[in-house]
Number of protein chains: 4
Amino acid sequence: MLRHDAAVTQRGQSTRAALLAAAARLVHDVGYTQTTTRAVAQAAGVAEGTLYRHFPDKASLLLAAALEQHAPIIEQMAQLPGRAGAGAVRDNLVDCLEQLARMRETLLPLELAMLSDPDLAAARDSAVLDPERPDPPTVLADYLRAEQQLGRLRQDVDPTEAAVLLLVLLFGLMAAPPPPPSVPLRLSVRRAVELLLMGLTP
Amino acid sequence: MLRHDAAVTQRGQSTRAALLAAAARLVHDVGYTQTTTRAVAQAAGVAEGTLYRHFPDKASLLLAAALEQHAPIIEQMAQLPGRAGAGAVRDNLVDCLEQLARMRETLLPLELAMLSDPDLAAARDSAVLDPERPDPPTVLADYLRAEQQLGRLRQDVDPTEAAVLLLVLLFGLMAAPPPPPSVPLRLSVRRAVELLLMGLTP
Amino acid sequence: MLRHDAAVTQRGQSTRAALLAAAARLVHDVGYTQTTTRAVAQAAGVAEGTLYRHFPDKASLLLAAALEQHAPIIEQMAQLPGRAGAGAVRDNLVDCLEQLARMRETLLPLELAMLSDPDLAAARDSAVLDPERPDPPTVLADYLRAEQQLGRLRQDVDPTEAAVLLLVLLFGLMAAPPPPPSVPLRLSVRRAVELLLMGLTP
Amino acid sequence: MLRHDAAVTQRGQSTRAALLAAAARLVHDVGYTQTTTRAVAQAAGVAEGTLYRHFPDKASLLLAAALEQHAPIIEQMAQLPGRAGAGAVRDNLVDCLEQLARMRETLLPLELAMLSDPDLAAARDSAVLDPERPDPPTVLADYLRAEQQLGRLRQDVDPTEAAVLLLVLLFGLMAAPPPPPSVPLRLSVRRAVELLLMGLTP
DNA sequence: GATGAATGAGGATTCATTCAT
DNA sequence: GATGAATGAATCCTCATTCAT
């Protein structure tokens, strides 16, 4: 049965990979709106029609390109809960958020575009996500809960809530960078985590 | 010779206003991608060409429409620093952020589009902003500083940094709403402020 | 309110007319499949985009082009029932069918295409036809009924059925012309009418 | 070197058969326009390229598929002239036309497409038809002539002409079905034959 | 004989912008 | 000031056909 995204040959595999790579690069470089199918195909060194042997449409291609880059970092993040109790909470959180940040660097343009473009959002919603794969909010919440049980975090905060807060904060920090003089993301993440940990109240 | 900004007669004024209103409504209703110049003109009840008597291009129109809605809330926000010392810090912050949230409700699609669309971003950067008008980060920082001096906030936090944190958090909360079960924005803002005030550390 | 097919200016009118003429000519010359929007626009001497100011899509344009040519002949045909009793039945019928044939000459490629192309069929079904305008089957049936009452036609045939038969026959004669040696349409129509009038039974 | 018509091995034979069957089914089900080479190959369970081992192009495949279905009915029709004198003329004609109608049911979309698409028409014209095989007009004319000689049909009609008339009528009835209330084809064929036999004149 | 990946010209359609009236 | 017709480049996508394996 012929399906899109079915590359059985070795050549097909490499074409598919080239398309994904080209798509990721272009979205990163020129944004979603300017990333045309023509440009992707050209950058991948294939004909425009080839794109449609591998993906049903533009949105699916770009989404796949994004998700593909997700994978390794998500994988790595899964080990976070195991680090509970070891090292400073602050460092663990900062490390984790920084990993996510690296992932988002390529993902962000697409995330933003999804919020503007109905097509992309639809592609995302109809994409079959691996239900096994742990998602960042859950993993982070698990970690926070573990630290809470170890007494290294307040008892009266909801771990899930705190996790969402951290992630939303990271998103905001990346998507809407504070005006210059801008500090490197690494630094602003660290400061934000510190502030959140100690609180503003005296 | 006046090419744009043709609103010198009374008729011109009302046309301009109609365009701005239509643009704001459309961006809010159908998103930036779907907001075409055609649709705006039609919604404003004017011819397509008329749009270009008042604005040099689409981006400028949408930007103007957004800024216009900014104004009253920015105005109102300016009074925040004066509330330092009165009422609970938490309530003051929540009130302030909620006002901003209302403003953003119409503004957000445009902000997001700006992050995807270079054209829009360029229009924003070349827009002549009133240098007198206080911007939210500054106002919020001023307020925080005042509270700090009153001893109602930690001494060792940078008010500017905290202000940015709060705003970024609001942006993230609005742009990337946490997954269901979703709580009303008002509530999630309140929880976030509380969490930030007390901190996560025991 | 902006609508397609709304040409208020004189210039608009003439562009619309040019498009219709070009479309009719092309469909006649190269068939529906080969009639591209590009070709129509070029033949009409306008840009391709202009086409879409006047018609929502290709199918609507071609349909409109066909219907426009309908009109005058349909009009003329309406007088057929009044001719009942005058002249030979055979001649009246032949005249009528020949008129229809002239109309069909341009219409036929489109009729055929409608039977192959779902899009066109959809356009036809959603087209707003003038309910006042008499349609050929009805007019023809009216005429036959009148002749029947004058005793010039068998009493035991259903006029509607006979009308349909005549029209279907005309359609078949035009669409699937008998193999060579081919006679001119005018002649084959005449022979068919004669055959049908006298019947095959001795 | 054999380029097409590669059906020399047994495997080749069955592939070819599968392609023909798939093509016939698709044309019947979704129409000619929607019948893509891709769809045919997929329905036949073979690769796209395989199609071109058996047929030089799409048109040839579809034409072959159509002709193949012709065969058995054409065969059966050949016996019609032998029925002259037996049974009612009306019944013989109705039976014959109904057989043809069944054949046309699958053939019609293609016939119609041929009238719209020059490519297909060209394929038909260049197809090598079996010169032995009797074609419907001839067979029907033979039958009519036989009945004529038996005195069961008017002497003054040209059998060939009458045969063409009947066939054209059938085509029209199938291709351009009269508007609702639509009667089953079987019935409308019968009525048409009756009308034609007795004639319209009193 | 069969595969299926690749091709690439060509299709319909959109839309910000210009300009004669 | 306003109109609205016209523009035309650009977009995503289709599909019959070829060819290396």
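In what follows, every chain begins at residue 1, and chains take the letters A, B, ... in the order their sequences are listed. Values below: every heavy atom of this structure, side chains too, minus hydrogens, waters and symmetry copies.
- Within the structure, a side-chain polar atom (N or O) of D/Thr15 is placed less than 4.0 Å from OP1 or OP2 of E/dA2.
- Summarising the geometry of A/Ser116 relative to B/Thr33, their closest heavy-atom pair is O-OG1, 3.0 Å, with the distance given to 0.1 Å.
- Nearer to the 5' terminus of DNA chain E, by closest-nucleotide assignment, is the contact made by B/Thr36 (compared with the other of B/Thr36 and C/Arg11).
- At the phosphate of E/dA12, OP1 or OP2 sits under 4.0 Å from a side-chain N or O atom of C/Thr37.
- Put simply, CZ on A/Arg38 is 13 Å from P on E/dG10, counting in whole angstrom units.
- Between B/Leu61 atom CG and E/dT17 atom P there is a gap of 10 Å when expressed in whole angstrom units.
- Between A/Arg16 atom CZ and E/dG4 atom C1' the separation is 16 Å, expressed in whole Å.
- Rounded to whole Å, atom P of E/dC15 lies 15 Å from atom CG of C/Asp57.
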Between B/Phe55 and B/Thr37, is a side chain to side chain contact (heavy atoms under 4.5 Å, CB included) present by the stated rule, with each step listed?
CA-CA 11 Å; B/Phe55 304 93; B/Thr37 50; over 6 Å; no

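- At whole-Å resolution of the value, CZ in C/Phe55 and P in E/dA12 are 15 Å apart.
- A salt bridge is absent between C/Lys58 and C/Glu48; no separation between the charged side-chain nitrogens and carboxylate oxygens falls under 4.0 Å.
- Across the interface with DNA chain F, nearest-nucleotide mapping of C/Leu51 and A/Gln34 shows C/Leu51 to be the residue nearer the 5′ end.
- Residue contacts shown for B/Thr50 include a base, since a base heavy atom lies under 4.0 Å away.
- In this structure, C/Ser14 reaches neither bases nor backbone, as no heavy-atom distance under 4.0 Å exists between it and the strands shown.
- Of the inter-residue distances, the one linking B/Gln42 atom CD with B/Leu26 atom CG reads 9.5 Å to the nearest 0.5 angstrom.
- Not one N or O on the side chain of D/Ser60 forms a donor-acceptor pair closer than 3.5 Å with the backbone of D/Pro56.
- Rounded to the nearest 0.5 angstrom, C/Leu62 CG and C/Asp119 CG are separated by 11.0 Å.
- The shortest non-hydrogen separation linking C/Val40 to C/Leu61 is CG1-CD2, 3.8 Å.
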Map every base of DNA chain E to its dot-bracket character, where paired means a Watson-Crick or G-U wobble contact with both distances under 3.5 Å and | marks a partner outside the strand.
.||||||||||||||||||||

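- Between the CG atom of C/Leu62 and the C1' atom of E/dG11 there is a distance of 14 Å, rounded to whole Å.
- At a cut-off of 3.5 angstrom, the base of F/dC13 holds at least one donor-acceptor pair with the side chain of A/Glu48.
- Within the nucleic acid shown, C/Thr9 comes within 4.0 Å of sugar-phosphate atoms alone, with no base atom in reach, counting heavy atoms only.
- Whole-Å rounding puts the C/Leu26 CG to E/dA12 C1' distance at 16 Å.
- The shortest heavy-atom contact between D/Leu110 and D/Val27 is N-CG1, 4.2 Å.
- Donor-acceptor pairing under 3.5 Å, judged by distance alone, is present between the side chain of B/Arg53 and the base of F/dA2.
- In terms of phosphate contacts, A/Tyr52 brings a side-chain nitrogen or oxygen within less than 4.0 Å of OP1 or OP2 of F/dC13.
- When each of C/Gly49 and A/Lys58 is assigned the nucleotide of DNA chain F bearing its nearest heavy atom, the one mapping closer to the 5' terminus is C/Gly49.
- Whole-Å rounding puts the A/His54 NE2 to E/dA5 P distance at 7 Å.
- Minimum atom distance to the side chain of C/Ala47 is reached by F/dT7, of the listed F/dT3, E/dG11, F/dT7.
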